[in-house]
Amino acid sequence: MRVNKAVITAAGRGQRTLPLQTLIDTDGKDKSVLSILIAEVLRAGVEEICIVVRPGDEQSYAKEAGDQAGRLQFVTQENPLGYGHAVYCARDFVGDEPFLHLVGDHLYISRSGQGCATHLVQVAQNQASAVSAVQPTRENLLPYFGAVGAQRVPERPDLYRIERVIEKPTPTRAEQHLIVPGLRAGHYLCFFGMHVLTPTIFSILEEQIMSASGRANVTLAAALNELARMEQYLALEMHDLRYDIGVKYGLMNAQIALALSGQDRDLVLSQLLELLAVRELGRSST
């Protein structure tokens with residue numbers, strides 16, 4: 001199994017402008033979120049990249065990709081029928097190959113120096129299997145993520161065989177269906193926003209789209225749940241960091257995380273401490 005292609009989805013109603021936002025990367029340079037994601041993909045050895053966008057957004061994305069624009073292909077999602085439909089739009093680009101999939105409103109920061117996507121792709125290729133990156137997540141954050149029920153793979157403490165996938169479950173439903181042996185109480189394995197998927201996912205999505213009869217919302221989670229029934233589908237526990245830039249303060253949190261992981265760490269820390277000191281001084285004087 002060799003992963004040569006990547007699909008980044010960026011066509012959601014609240015998502016389409018987020019990859020165009022500019023942040024200061026770990027090297028201290030201004031970059032768009034899109035450029036940072038492209039670098040993540042290339043670091044994993046994947047060089048064919050498809051961006052799923054809304055019609056008319058191609059030029060803006062190509063501009064923000066800069067020198068990397070020439071290696072991108074754009075596919076448009078004509079009708080906003082959901083996340084699963086957005087992935088399905090890349091079917092012709094992917095063909096019969098496995099592919100790396102990232103979402104355009106997440107940023108990933110590795111704690112090990114090895115890229116997050118690099119780690120995921122290596123595991124998928126070694127296991128010859130679809131693999132989704134997951135992270136133990138507190139139950140109060142379940143409304144923001146898809147989650148999985150799974151069993152640990154023997155002699156692989158970071159790898160799980162997925163049995164069930166539920167999109168944004170309630171704590172009650174998660175407790176009933178998504179308990180993972182060995183995980184801390186009140187924590188569940190939630191998606192990291194990064195997957196290596198087999199082309200089987202497209203036949204599943206096609207059936208769901210036909211059943212939806214042109215109505216939103218075709219979810220990827222439902223297709224992944226079916227994928228787990230049809231073939232081996234694994235979850236890789238990641239100890240890295242993921243930031244959803246589409247939530248409240250998401251961009252700010254991602255920027256702080258990039259700064260604290262980069263070459264300007266000491267400068268940013270000193271500025272944050274100064275800001276907190278001024279704030280506390282203002283409180284004490286009132």
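Each of Thr118, Leu102, Leu100 was checked for a side-chain contact (heavy atoms from CB on, under 4.5 Å) with Glu40, and the lone residue meeting it is Leu102. When each of Val75, Val7, Thr9, Ile8 is checked for a side-chain contact (heavy atoms from CB on, under 4.5 Å) with Ile51, only Ile8 meets the rule.
Distance check: Met1 CE to Glu97 CD gives 10.5 Å after rounding to the nearest 0.5 Å. Taking OG of Ser35 as the start and CG of Asp67 as the end, the distance is 9.0 Å to the nearest 0.5 Å. One finds the CD1 atom of Ile38 at 4.0 Å from the CG atom of Leu34 (value rounded to the nearest 0.5 Å). Rounding to the nearest 0.5 Å places CG of Leu23 at 7.0 Å from CD1 of Ile245. Rounded to the nearest 0.5 Å, atoms OG1 (Thr219) and CG (Leu81) are 12.5 Å apart. In this structure, Asn253 CG and Leu107 CG are separated by 11.5 Å, a value rounded to the nearest 0.5 Å.
Atom CG of Asp96 has 12 or fewer heavy atoms from other residues, nucleotides or ligands within 6.0 Å. With a 6.0 Å radius and a threshold of 12 heavy atoms from other residues, nucleotides or ligands, Asn140 has its CG atom above the threshold. The environment of Gln263 atom CD is dense: over 12 non-hydrogen atoms of other residues, nucleotides or ligands sit within 6.0 angstrom. For Gln176, the CD atom counts as densely surrounded, since its 6.0 Å shell holds more than 12 non-hydrogen atoms of other residues, nucleotides or ligands. Counting heavy-atom neighbours within 6.0 Å of Asp92 CG, excluding the residue itself, gives a total of 12 or less.
No path of Ile, Leu, Val, Met, Phe, Trp and Tyr side chains, each step under 4.5 Å between heavy atoms, connects Val180 with Leu178, placing them in separate hydrophobic clusters. Hydrophobic clustering of Ile, Leu, Val, Met, Phe, Trp and Tyr side chains at less than 4.5 Å, counting indirect connections, keeps Leu183 apart from Leu141. The hydrophobic clustering, which links ILVMFWY residues whose side-chain heavy atoms are closer than 4.5 Å, places Leu227 and Leu159 together. Tyr188 and Leu236 end up in different hydrophobic clusters when Ile, Leu, Val, Met, Phe, Trp and Tyr side chains are linked at under 4.5 Å. Hydrophobic cluster membership differs between Leu142 and Leu189, with clusters built from Ile, Leu, Val, Met, Phe, Trp and Tyr side chains linked at under 4.5 angstrom.
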Practice problem: Applying side chain to side chain contact (heavy atoms under 4.5 Å, CB included), run through Leu241 and Tyr243 and close with a yes or a no. | Solution: CA-CA 7 Å; Leu241 304 172; Tyr243 294 92; 3.5 Å; yes
Exercise. Tell me, with the steps shown, if Tyr108 and Phe192 meet ring pair (Phe, Tyr, Trp, His ring centres under 6.0 Å).
Key: CA-CA 9 Å; Tyr108 315 92; Phe192 194 74; 5.5 Å; yes
Quiz item: Yes or no on side chain to side chain donor-acceptor pair (under 3.5 Å) for Arg161 and Gln232, after CA distance, side-chain angles and deciding distance?
Solution: CA-CA 7 Å; Arg161 183 166 285 104; Gln232 176 174 267; 3.1 Å; yes
Practice problem: Starting from the C-alpha separation in whole Å, work towards a yes-or-no answer on side chain to side chain contact (heavy atoms under 4.5 Å, CB included) for Ser132 and Phe191. | Solution: CA-CA 7 Å; Ser132 288; Phe191 285 136; 3.7 Å; yes
Exercise. Go through the steps for Asp244 and Val103 under the test side chain to side chain contact (heavy atoms under 4.5 Å, CB included), then give the verdict.
Key: CA-CA 9 Å; Asp244 183 349; Val103 288; over 6 Å; no
Practice problem: Check step by step if side chain to side chain contact (heavy atoms under 4.5 Å, CB included) holds for Ser270 and Leu273. | Solution: CA-CA 5 Å; Ser270 64; Leu273 290 172; 5.7 Å; no
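Of all heavy-atom pairs spanning Asn225 and Val165, the tightest one is OD1-N, 2.9 Å. Here the closest non-hydrogen pair linking Pro199 and Gly95 is CB-O, 3.7 Å. Across every non-hydrogen atom of Gly104 and Val33, the tightest pair is O-CG1, 4.1 Å. Closest non-hydrogen pair, Ser32 versus Pro19, comes out as CB-O, 3.8 Å. Here the shortest heavy-atom pairing between Ile109 and Cys116 reads C-SG, 3.9 Å. The two residues Pro80 and Arg13 come nearest to each other via the heavy atoms CG-NH2, 3.6 Å.
No side-chain donor-acceptor contact under 3.5 Å links Tyr160 and Gln151. A donor-acceptor pair shorter than 3.5 Å can be found between the side chains of Ser110 and Ser112. Under the 3.5 Å distance criterion, with hydrogens and angles disregarded, a donor-acceptor pair is assigned to the side chains of Arg242 and Gln135. Inspection of the Tyr144 and Thr137 side chains reveals no N or O donor paired with an N or O acceptor under 3.5 Å. Arg164 and His177 share a side-chain donor-acceptor pair at under 3.5 Å. Using modelled atom types and a 3.5 Å distance limit, the side chains of Gln68 and Arg71 yield a donor-acceptor pair. Under 3.5 Å, the side chains of Gln114 and Gln122 contain a donor-acceptor pair of N or O atoms. Residues Glu231 and Thr200 bring a donor and an acceptor atom of their side chains to less than 3.5 Å of each other.
Between His106 and Phe145, the ring planes are perpendicular. Angles over 60° get that label, and only those under 30° would be called parallel. Ring geometry for Phe99 against His101 counts as tilted: the plane angle lies between 30° and 60°, on a 0 to 90° scale.
Side-chain atoms of Gln77 come within 3.5 Å of backbone atoms of Gly82 as a donor-acceptor pair (strictly under, hydrogens ignored). For Lys5 (side chain) and Phe93 (main-chain N/O), a donor-acceptor pair under 3.5 Å exists by modelled atom type. Judged purely by atom type and a 3.5 angstrom limit, Asp264 has no side-chain atom pairing as donor or acceptor with the backbone of Gly28. Counting only distance, with no hydrogens or angles, the side chain of Arg265 and the backbone of Ala259 share no donor-acceptor pair below 3.5 Å. Formation of a donor-acceptor pair under 3.5 Å by the Gln15 side chain with backbone atoms of Gly12 is found in this model. Of the possible polar contacts, none joining the Gln271 side chain to the Leu269 backbone as a donor-acceptor pair under 3.5 Å is found. Judged by distance alone, with hydrogens and angles left aside, the side-chain atoms of Gln255 form a donor-acceptor pair with the main-chain N or O of Ile24 at under 3.5 Å.
Contact annotation: the side chain of Met230 approaches that of Ile204 to within less than 4.5 Å [non-hydrogen atoms, C-beta and beyond]. Counting heavy atoms from C-beta on, the side chains of Leu224 and His195 come closer than 4.5 Å. Side chains of Val94 and Leu197 form no contact here, defined as non-hydrogen atoms less than 4.5 Å apart. Between Tyr61 and Leu72 there is no side-chain heavy-atom pair separated by less than 4.5 Å.
One finds a salt bridge joining Lys31 and Asp25 here, because a Lys/Arg side-chain nitrogen approaches an Asp/Glu carboxylate oxygen to under 4.0 Å. Salt-bridge annotation for Glu206 and Arg91: present, with a side-chain N of the basic residue lying under 4.0 Å from a carboxylate O of the acidic one.
Sorted by first and then second residue, the salt bridge (charged side-chain N to carboxylate O under 4.0 Å, His left out) pairs with a member in residues 132-158 read Arg156-Asp158; sequence neighbours excluded.
Residues passing the salt bridge (Lys or Arg N to Asp or Glu O under 4.0 Å) test with Asp266, sequence neighbours excluded: none.
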